[in-house]
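Here is the structure we will look at.
Numbering of ligands and ligand atoms starts at 1, following listing order. On a predicted model such as this, the values are computed, not experimentally measured, just so you know.
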Amino acid sequence: MAENQLYVVATPIGNLADITVRAQQVLESVDIIAAEDTRHTKKLLNHLGIQKPLMATHDHNEAQAAQQIIEKLQAGQNVAIVSDAGTPLIADPGYHVAEQVAKAGFKVVPIPGACAVITALCAAALPTDRFIFDGFLPSKSAARKSYFSSVKHEERTTVIYESPHRIMHAVDDLIAELGPEKEIVLARELTKTFETFLRGTAQEVKDIMQADSNQQRGEFVMMVRGVLANKKLEVSQEALDLTLLIAQELPLKKAAAIVSTHTGFKKNQLYQLALEHKGE
Ligand code: SAM
């Protein structure tokens, strides 16, 4: 192992077998582990049979912890940073440490593994080619509603974290802003015994949760299907205007065919769109 490096180590989000071989090797070989909650990490290390000095590195002491970590790196030591579960820095502490360490000229090395966003997405059966992750939903209803309203026209799949005691309120606020028909997926208790994917319209998912209070328990990742891409973007305004202009002299189908030949836009799309805009 090279010296003076900060390793950002992912740990399991439920199933302890999800620790990677590399994560174990790194945790075994570093000089010290910076942990969000040292008691929590101690349990994982005990399970792995690893004994290491731990230092607390959480939201409230990150600046100070970053300084201590830099001093250790300067002294030639290797440091790992872990959070309570999953990938550090992803809606978890560690950003300030990584930033300060990189600024101080040391290498920040990722040790990938479980991450709730990706674990949820890969089995949600929603489009995954493009997505946005917005961390935790706001805790107040007004702010949550305003958040949902801001993603009303979002074409990408939206992924959000929500705590168990607010999940029903979050579904209610989503319904208020995006409507009961909005398609959502709630990934619950990922990699754990009661792992569940609730899929359907927001109203259907709410009904399932109301009918069975067990479905309201545990940890959740909320995913919202994006709106269909705006077909109009596939034809330029200029091509549409030209089609409408020519259509004043020729049948619309002919006009669309002419513009399609000269611009490369699809004839049918030009025709459909021109049809919608004719007479405006
Ligand atoms: N850094 C972690 C990650 O991305 O894997 C997430 C840490 S964040 C403080 C904790 C939130 O992640 C939970 O409130 C929940 O929304 C989500 N989460 C973590 N583990 C989960 C699991 N097993 N099942 C569902 N959601 C989970």
Please find the pair of heavy atoms, one from Y161 and one from C115, that lie closest to each other, and give the distance.
OH-SG, 4.4 Å

Would you find more than 12 non-hydrogen atoms of other residues, nucleotides or ligands less than 6.0 Å from [X] atom [atom1]?
X: K192; atom1: NZ; value: yes
X: H169; atom1: NE2; value: no
X: E238; atom1: CD; value: no

Pair R144 + E177, salt bridge at N-O below 4.0 Å
no

Ligand 1: which residues have a non-hydrogen atom closer than 4.0 Å?
I13, A85, G86, T87, I90, A91, D92, C115, A116, F136, Y161, E162, A187, E189, L190, K192, E219, F220, V221

Just so I know, are the side chains of E204 and R199 near enough to count as touching, which here means a heavy-atom distance under 4.5 Å?
no

